[in-house]
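Here's the structure, in structure tokens; my notes come after.
Order of the sequence lines fixes the chain letters, A, B, ..., with proteins taken first and strands second; residue numbering starts at 1 for each chain. Just so it is clear, the values below take in all heavy atoms, side chains as well, and ignore hydrogens, waters and symmetry mates.
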Amino acid sequence: MTSEALSKGYEPADVEARWIAYWQDEKTFTPDPDGPGEPYSIVIPPPNVTGALHMGHALNITIQDILCRYHRQKGRKVLWIPGTDHAGIATQNVVERSLAAEGSSREALGREAFIERVWKWREEYGGKILNQIRRLGASVDWSRERFTMDEGLSKAVREVFVRLYDEGLIYRGDYIINWCPRCHTALADLEVEYAPHIGKLYHIRYPVEGTDQFVTVVTTRPETLLGDTAVAVHPDDERYREFVGKYVILPLVGRRIPIIADAYVEREFGTGCLKVTPAHDMNDFELGRKHGLEAIAVQDEAGRINDNAPEKYRGMDRTVARKAVVEDLKELTLLDDIRDYEHNVGECYRCRTVIEPFVSKQWFVKTKPLALAARAAVEDGRTAILPDQWTKTYYDWLDNIRDWCISRQIWWGHRIPAWTCQACGELIVSRENPTVCPACGGDQLEQDPDVLDTWFSSALWPFSTFGWPDNTKELKTFYPTTVLSTAFDILFFWVARMMMMGLHFMGEVPFKHVYIHALVRDAEGRKMSKSLGNGIDPLAMMERYGTDALRFTLCAFAAMGRDIKLAEERIEGYRHFINKLWNATRFALMHVGEGAPDISPAEAAKAGLCHAMILSRLERLKITVSGAIEGYQFNEAAQELYGFFWREFCDWYLEMAKVDLGGDDETKKGAAKRVLLTVLTETLTLMHPIIPFVTQEIWSKLPGIGEPNLAKVPFPPLRPELISDAAEADMELLRAIVVGVRNIRAELNINPGVRLTALVHTESSAQAASLTENAAMISFLAKLENFQAGPEVVAPKASASAAAGSCALYVPLSGAVDFDVEYLRLSKEEVKTVKELTVVEKKLGNEDFVSRAPAEVVAKEQEKQGALGERLARLRELKDRIKKLMADE
RNA sequence: AGGAGCGUAGCUCAGGGGGAGAGCACUUGCUUGACACGCAAGGGGUCGGGAGUUCAAAUCUCCCCGUUCCUACCA
């Protein structure tokens, strides 16, 4: 009466925004570093500031939120830090596009104005994904939100750069890097993605100096010929042995270049003769360094042929130059052959432009020493990668790591803190912007125009977010973080680099666990992608089915080490569960709307078998759910909660409790109310980490709730003394009888309205006592007007029958029983039982089994043999009886 | 080329040496005192194939078949 009536169905839209605001107002997720409890911390993998929430994010946020909310319940001091990264190239691209639409460009604006413009963009649109994360219910501490371009984090970036430089772990040099001619910047090896392209394989003849002979090289990029500085063959290749040490005259250029021998060359590929262009090919670059070859760059930053090439080609785009070179070679009859050829070509991961390997001055991190430490930390268990199978991948990458190119030729990002003195050429790397050259005292200092790779700042995230390099309270309390949850695709990009930086600067691993979650795919198992258009928009799902339905679905599918194939129907299906929860509450409130008597659950359990049973099951549930979440088995937690709440609590307990709740016995009624409320509140608490909104909403409607903020309510107390095998076993028999009657009703097509009589022949009087005590309940569930149980019960004349456990169940029927149907049903049951019994008997008949299997396994089999034997006997009696009755007719 | 995973009911998947499970779908019957986003009853599987280890294999080992992904890349 006091509690307002709940609407007939759960309507998430009204509810979610309200609780998000409530939690925030209550500062529920802002921990005090000095507060009690063992710290538990997570840094959110910072999404790209230009990004929008996709299913992968939704899954990852849900997982982290489950962990955080659960550990808060367990009394840990939880800090979950949100934020975004500045996504240098992506963000710059976005802003440049909007400038282009206005007919402007970043060059027109100038560096400073452009950066200002990016900040403005970020203010306006950069909060989008964070708002989407907020809508998911993420229990992050918004008061500690971070951005990789923040002042504090920028300070950390500079500190790291300077220290690494001083330690010789950052260096600048002319090296070949991956160049995106569209983005005008260098990319790290990881930022290049390979995709199959159909190209051509050109066979080109190079004349050997001083002879009339040729060597034929094979290439997919004939225009790079202009930069060739050698031809290479395998040292053991008989075909070319005589040429090694000689020279060829480079066609179209006329340069005299050596023929060298190196085992790197594959004899089987093409002609076995390789043109070497150190300035434009990764492998050729290495080869060139090894053999002291000159690297002649023949393209500029936009992919056009430069002045190092013959005049004719200068200024041509690389694709135009290719055609021109091919034509000219044809004319000289030096082009032997052109074949179609499918091969993998590197593309820019941001814009899909074909990458041009390019020699230029760049900054690098010397990764080897850092990688060794990062590997060791996992080897000795300071950090565990879960599931374990990713550990090998992590090792492989670290073992084969190459130096990390960290300079980017863009404007949006952390400017490299390096200056060159215009007077003496001194290179100055400094925390503070220098004003005079320490070498010559000159004041003409020019800062390096490049910025750092975004991942450079992301790598510092687990400590920069806590205020490093300052020794803050947060840093002391919450570093190392407890767990990092992420998808495998950034294991290298990010996880490995955080490990390297965390270990180097903090001396401790950045996280104790790395949980690699599943990849969310579409119903056909394809990766969700914009280009395929097969993505399921999490926000649309949240609107349609409620955030809890989406969260529960993701949780239920989050089995470790396996990808998720997601279809919208799954989410729709789990919405039904949310609704079930809602309606069970509506029912409960009809009876406990004004609260329940203040008796202990233990006392209430004594009031009836059903109460003892559900309380026992509840205790087991607490243990399995805890174990599941702590072991990152989210699917198991969801499944257990689902099964308990729907199958045990709603299907059985609520139905059974109706008898006491509607009866006259005030003691029983009180106990039922107490148990109903206890089980409901405690399961809500257990479910809250997975489905925070609906549980909180229901919580607010329940009577006698002390703490109104469910996110602050501790994990329910454990009451191991309530676990009762006996109660659960007695209930098993009771259920078997109810199901037996229902089964008979269904098979014999008896109207559900008709009340029946059921008689049960039991083996023992103890069994009979338990059943008789619950006669009212059995009658209610099976729709009986009469129920009797005891060892003395004998089969009535005209009745349907079944075996329930080891008891015999009879349902007398006044009308004609269809004996044929009855007989068939029992026979089927008999066949099944015989089959099971045979398996058991065969085992027990095997001497090796009895002597070698563990005693408890043997005992279990013997027990099973007994039960099955009894059941079989019962079935056969029932069959015999029917046979007799049939004969009598 | 190297590495990892997966193959269990029609579908999506748990499980992981001693009873083949769940959800959805399906069949049948239901205005049963919260719920048709529901209730009740039911059908359905040589756990990809083969060999081995074991008293015992869906589970461990090896081989094969199919499938997905990752890393590297030969010009």
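Look at A/R735 and A/E648 and you find a salt bridge, because one of the NZ, NE, NH1 or NH2 atoms lies within 4.0 Å of a carboxylate O, short of that distance. In summary, A/E836 and A/K832 do not engage in a salt bridge, as defined by a charged side-chain N under 4.0 Å from a carboxylate O. Ion pairing between a basic and an acidic side chain is recognised when a charged N comes within 4.0 Å of a carboxylate O; A/E356 and A/R221 show such pairing. Of the charged side-chain nitrogens involved, at least one lies within less than 4.0 Å of a carboxylate oxygen, so that A/D336 and A/R205 count as a salt-bridged pair.
Scanning atom types as modelled, one donor and one acceptor separated by under 3.5 angstrom connect the side chain of A/E655 and the base of B/A34. A donor and an acceptor atom never sit less than 3.5 Å apart when one is taken from the side chain of A/N846 and the other from the base of B/C55. With hydrogens and angles ignored, no donor-acceptor pair under 3.5 angstrom links the side chain of A/K580 to the base of B/C37.
Of the side-chain N and O atoms in A/R742, one or more sit less than 4.0 angstrom from OP1 or OP2 of B/A41. OP1 and OP2 of B/C39 both lie 4.0 Å or more from every side-chain N or O belonging to A/K658. Considering only side-chain N and O atoms, A/N743 lies under 4.0 angstrom from the phosphate OP1 or OP2 of B/G42. The shortest distance between the side-chain N/O atoms of A/R647 and the OP1/OP2 oxygens of B/G23 is below 4.0 Å. Under 4.0 angstrom from either OP1 or OP2 of B/A34 there lies no side-chain N or O belonging to A/Y653. Contact annotation: A/W646 reaches the phosphate of B/C39 (side-chain N/O to OP1 or OP2, under 4.0 Å). When the side-chain nitrogen and oxygen atoms of A/H343 are compared with OP1 and OP2 of B/A75, one or more of them lie within a distance under 4.0 Å. At the phosphate of B/G19, OP1 or OP2 sits under 4.0 Å from a side-chain N or O atom of A/K864. An OP1 or OP2 oxygen of B/A75 is reached within less than 4.0 angstrom by a side-chain nitrogen or oxygen of A/Y341. Residue A/K843 has a polar side-chain atom (N or O) positioned under 4.0 Å from OP1 or OP2 of B/G19. In this model, the phosphate group of B/A34 is not approached by any side-chain N or O of A/R586 to a distance below 4.0 Å at OP1 or OP2.
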With both pairing distances under 3.5 angstrom for Watson-Crick or G-U wobble, and | for a partner in another strand, the correct string for RNA chain B is (((((((..((((....[..)))).(((((.......))))).....(((((..]....))))))))))))....
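With distances taken from any side-chain atom of A/Y264 to the nucleotides B/C37, B/A72, B/A75, the minimum falls on B/A75. When distances are taken from the side chain of A/F557 to each of B/A75, B/A4, B/U12, the shortest belongs to B/U12. Considering only the side chain of A/D281, B/C74 comes nearest among B/G23, B/C74, B/C35. Proximity note for A/F849 (side chain, C-beta onward) versus B/G3, B/A34, B/G18: the nearest is B/G18. Comparing B/G3, B/A41, B/C74 by their nearest atom to the side chain of A/A746 picks out B/A41. Which of B/C37, B/A75, B/A34 sits closest to the side chain of A/C650 comes down to B/A34. Distance from the side chain of A/D848 is smallest to B/C55 among B/U12, B/C55, B/A41. When the nucleotides B/A75, B/U12, B/G33 are ranked by their closest atom to the side chain of A/K565, B/U12 comes out on top. Side-chain proximity of A/K783 to the nucleotides B/U32, B/C37, B/C73 is greatest for B/U32. Candidate nucleotides B/C74, B/G18, B/C11 were compared by shortest atom distance to the side chain of A/R570, and B/C11 ranks first.
Straight-line distance between the P atoms of B/U12 and B/G29: roughly 30 Å, to the nearest whole Å. B/C47 and B/G10 have their P atoms separated by 12 Å, with the value rounded to a whole Å. Comparing B/U32 with B/A40, their C1' atoms are spaced 10 Å from each other, to the whole Å. With both ends at atom C1', the span from B/G19 to B/A58 equals 14 Å, rounded to whole Å. B/G42 sits 23 Å from B/G33 when the P atoms are compared, rounded to a whole Å. Nucleotides B/G48 and B/G66 are separated by 8 Å at their C1' atoms, to the nearest Å. Distance noted for atom C1' between B/G15 and B/G21: 7 Å (whole Å). Look at the C1' atom in both B/A20 and B/C13: the space between them is 15 Å, to the nearest Å.
Residue contacts shown for A/Y642 are limited to sugar-phosphate atoms, with no base heavy atom under 4.0 Å away. Residue contacts shown for A/L519 are absent, as no nucleic acid heavy atom lies under 4.0 Å away. Residue contacts shown for A/T393 are absent, as no nucleic acid heavy atom lies under 4.0 Å away. Across all strands, A/A584 comes closer than 4.0 Å to base atoms (heavy-atom distances). Residue A/N344 is classed as a base contact, given a heavy-atom separation below 4.0 Å to a base. Heavy atoms of A/Y194 sit under 4.0 angstrom from at least one base atom. At the heavy-atom level, A/K275 lies nowhere under 4.0 Å from the strands shown. Backbone-only engagement by A/R402 is indicated by non-hydrogen atom pairs under 4.0 Å involving sugar-phosphate atoms exclusively. Using a 4.0 Å heavy-atom cutoff across all strands shown, A/V739 reaches sugar-phosphate atoms only and no base atom.
In this structure, the CZ atom of A/R575 is 14 Å from the P atom of B/C24, given to the nearest Å. Between the C1' atom of B/A34 and the CG atom of A/D651 lies a distance of 13 Å, rounded to the nearest Å. Between the CG atom of A/N178 and the P atom of B/A72 there is a distance of 11 Å, rounded to whole Å. A/E747 has its CD atom 18 Å from the P atom of B/U27, to the nearest Å. Across the protein-nucleic acid pair, A/N635 atom CG and B/G21 atom C1' stand 14 Å apart, rounded to whole Å. Atom CD of A/E636 is separated from atom P of B/G15 by 8 Å (rounded to the nearest Å). Rounding to whole angstrom units, CZ of residue A/F587 and P of B/A34 are separated by 8 Å.
Other residues, nucleotides and ligands contribute only 12 or fewer heavy atoms inside 6.0 Å of the CG atom of A/D664. The environment of A/E785 atom CD is dense: over 12 non-hydrogen atoms of other residues, nucleotides or ligands sit within 6.0 angstrom.
A/D651 CG to A/F645 CZ: the interatomic distance, rounded to the nearest 0.5 Å, is 10.5 Å.
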Verdict with reasoning, A/K290 to A/E286, per salt bridge (charged side-chain N to carboxylate O under 4.0 Å, His left out):
CA-CA 6 Å; A/K290 195 167 150 193; A/E286 293 300 323; over 6 Å; no
Candidate pair A/V354 and A/H197, rule side-chain contact (heavy atoms from CB on, under 4.5 Å), full reasoning: CA-CA 10 Å; A/V354 172; A/H197 281 228; 3.9 Å; yes
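Between the side chains of A/Y349 and A/E193, not a single donor N or O lies within less than 3.5 Å of an accepting N or O.
In terms of modelled atom types and a separation under 3.5 Å, the side chain of A/T367 and the main chain of A/I401 share no donor-acceptor contact.
Under the 6.0 Å distance and 45° angle rule, A/K658 counts as a cation-pi partner of A/F587.
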